[in-house]
Amino acid sequence: MSPDPAEASETAQEPEQGRRLSSARVLDVDPLLDDPRTRIVVCCGSGGVGKTTTAAALGLRAAERGRKVVVLTIDPAKRLAQSMGIDSLDNVPRRVKGTEGDGELHAMMLDMKRTFDEVVEAHADPARAAAILANPFYQSLSAGFAGTQEYMAMEKLGQLRARDEWDLIVVDTPPSRSALDFLDAPKRLGSFLDGRLIRLLTAPAKLGGRAGMAFLNVGMSMMTGTLGKLLGGQLLKDVQTFVAAMDTTFGGFRTRADATYKLLQAPGTAFLVVAAPERDALREAAYFVERLAAESMPLVGLVLNRVHDSGAGRLSAERALAAAENLEDPRIVDQGGGKAGLRNSPDTQGSSHSSAPETAAPAPEEGSPADTERSVDRLTAGLLRLHAERMRLLARERRTRDRFTARHPEVAVVEVPALPGDVHDLAGLRDIGDRLAAQRPERTEHI
């Protein structure tokens, strides 16, 4: 995002503090969750913006409003399980206890390797599946090949949707820009499977028998010799064995990935971009918005998490700092009731006492009323300075948000006020859900 002139003036006069969204469209969450046509909600965004918590809160709110929901997280952190009162999550949806209402909430965490194993077992005969699962190259590929996690997330999403067991699937994507890598996963996997190296490695198996061996020994001797030096002879053999065993299932990978990609573009899917009111986070959010538009993915809005506010918005940062300085050094202004003897009093001009050095006032005795008053002044000054810092923070957040909404006026936004602590149970998730739904379009039209 291009620089904004507003950033150059941190201390400039701010508009009325505490102002909520006015020019931006407001995202109404409950109608989205209640709509039976909404079958998939995908939460994407950079790391550390509360994406997992948002996904869990949306899932809980939808379940308590009567829908049967499963939340799929790809984040290996344990926050989701802990907040839902589950010891751990795995590749199988687990029922969350303690929800209210007539709906159901289930949660699961993607196990990339197990999902890959399930795909192999489902699309290969038992003998071929066993050979693939035992292959060293497959074990390495399924555990950490670039793009495997994102592709397997699409596989799992496709599996969940095909079962038609849940009214709503909420997907918590990986953090950072890789959160949209699942959009590229089918293309990358297809390029890998259709690549020249794979075609050369599968050629001997496709020819079969002696012809295949002759082709390998004559036509590929130079290539395999080079690859053997680069990869090692055993690894090359493992790759060839894996490719030969997987050849019959490659087309299924691409077909299912393409089907899931189209599912993400369908009207029943809703993308939510999650961000914090910070420059870097909203820059990433803008990237997500633009990328989703380019891919024709149905974006419904932006969730702006951890937005700060103040109940004393009428007191500006400048006035708070001035008041703090006056309390900390009472000599700045005349706080006494006397007239004579003041530094600039007309009565002292030209008198013999005008040049006499000022004597510092004696320190008040500890515990005396004067000492108590000074302690109160110091405490009040500290609070005023904290308030000034908060007002500056609010101003920065507002400017950052306004730059985003000015650049993307078509994106509906819902602001979630910051909580005093972390979310660690269903009550906290329920509170987040209430905050997500608290801001309604009709409430902001007149602001």
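Bear in mind the structure is a predicted one, so any value in this text is a computation, not a measurement.
Using a 4.5 Å cut-off on side-chain heavy atoms (C-beta onward), V42 and M297 make no contact. For the pair L27/L272, a side-chain contact is recorded, criterion being any heavy-atom separation below 4.5 Å from C-beta on. The shortest side-chain heavy-atom distance between V289 and E410 falls under the 4.5 Å cut-off. When side chains are defined from C-beta on, V96 counts as touching L426, because their heavy atoms get closer than 4.5 Å. The shortest side-chain heavy-atom distance between V300 and V41 does not fall under the 4.5 Å cut-off. In this structure, R61 and L436 have side chains that are not in contact, with every pair of non-hydrogen atoms separated by 4.5 Å or more. Counting heavy atoms from C-beta outward, V411 and T405 have side chains that stay 4.5 Å or more apart. Using a 4.5 Å heavy-atom threshold, the side chains of Q159 and E155 count as touching.
Going from atom CG of L429 over to atom CG of D434 covers 11.0 Å, rounded to the nearest 0.5 Å. Atom CD of E118 is separated from atom CG of N91 by 5.0 Å, given to the nearest 0.5 angstrom. Atom CD1 of I132 and atom CG of N135 lie 8.5 Å apart (nearest 0.5 Å). The CZ atom of R291 lies 10.0 Å from the CZ atom of F271; values are rounded to the nearest 0.5 Å. From L264, atom CG reaches atom CZ of R161 across 11.5 Å, with rounding to the nearest 0.5 Å. Here the straight-line distance linking atom CG of D35 with atom CG of D30 works out to 12.0 Å at 0.5 Å rounding.
Under the rule for a side-chain hydrogen bond (donor to acceptor under 3.5 Å, both in side chains), the partners of D280 that lie at least two apart in sequence or sit in another chain are R283. Take R67 and apply the salt bridge (Lys or Arg N to Asp or Glu O under 4.0 Å) test, not counting sequence neighbours, and it matches no residue. Checked against salt bridge (Lys or Arg N to Asp or Glu O under 4.0 Å), D425 has no partners two or more places apart in sequence or in another chain. By the side chain to side chain contact (heavy atoms under 4.5 Å, CB included) test, A285 pairs with V273, A275, L282, L302, F404, sequence neighbours left out. With sequence neighbours left out, the salt bridge (Lys or Arg N to Asp or Glu O under 4.0 Å) criterion links E397 to no other residue. Evaluation of the side chain to side chain contact (heavy atoms under 4.5 Å, CB included) rule for D102 yields no partner, not counting sequence neighbours. Scored by the side-chain hydrogen bond (donor to acceptor under 3.5 Å, both in side chains) test, T260 finds no partners at all (sequence neighbours excluded). With sequence neighbours left out, the side chain to side chain contact (heavy atoms under 4.5 Å, CB included) criterion links E64 to L60, T99, E100, R430. Partners of R163 by side chain to side chain contact (heavy atoms under 4.5 Å, CB included), not counting sequence neighbours, listed by chain and number: L160, E165, W166. For D117, the side-chain hydrogen bond (donor to acceptor under 3.5 Å, both in side chains) test picks out K113, Y138, with sequence neighbours left out. Qualifying side-chain hydrogen bond (donor to acceptor under 3.5 Å, both in side chains) partners for E121, counting only residues two or more places apart in sequence or in other chains: R114. With sequence neighbours left out, E290 forms a salt bridge (Lys or Arg N to Asp or Glu O under 4.0 Å) with no residue at all.
For R128 against D125, the heavy-atom pair with the smallest separation is N-OD1, 2.9 Å. Of all heavy-atom pairs between A57 and I432, the closest is CB-CG2, 3.5 Å. Considering every non-hydrogen atom in both L32 and A270, the closest pair reads CD1-CB, 3.9 Å. Nearest heavy atoms, L168 versus T38: CD1-O, 3.6 Å. Nearest heavy-atom pair across F288 and S46 is CE1-N, 3.5 Å. For the residue pair P93 and M108, the shortest heavy atom distance occurs at CG-SD, 3.7 Å.
The existence of a salt bridge linking R306 and E278 is excluded, since no basic side-chain nitrogen approaches an acidic carboxylate oxygen closer than 4.0 Å.
A side-chain donor-acceptor contact under 3.5 Å links R39 to the backbone of D167. Proximity of a side-chain donor or acceptor of Q139 to a complementary backbone N or O of L133 within less than 3.5 Å is detected. Between the side chain of K51 and the main chain of T173, a donor-acceptor pair closer than 3.5 Å is present. Between the side chain of N305 and the main chain of V49, a donor-acceptor pair closer than 3.5 Å is present.
With P277 as reference, V307 is the one residue of T400, L394, V307 to meet the side-chain contact (heavy atoms from CB on, under 4.5 Å) rule. Of the residues listed (T73, L33, V69), the one engaging V170 in a side-chain contact (heavy atoms from CB on, under 4.5 Å) is V69, and it is the only one.
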Check your understanding: Can you list the steps and then say if K262 with Q265 is a side chain to side chain donor-acceptor pair (under 3.5 Å)?
Key -> CA-CA 5 Å; K262 292 179 180 178; Q265 293 176 316; over 6 Å; no
Practice item. Give the C-alpha distance, both sets of side-chain angles, the deciding distance and a yes or no for side-chain contact (heavy atoms from CB on, under 4.5 Å) between H308 and R398. Key: CA-CA 10 Å; H308 294 88; R398 187 175 305 111; over 6 Å; no
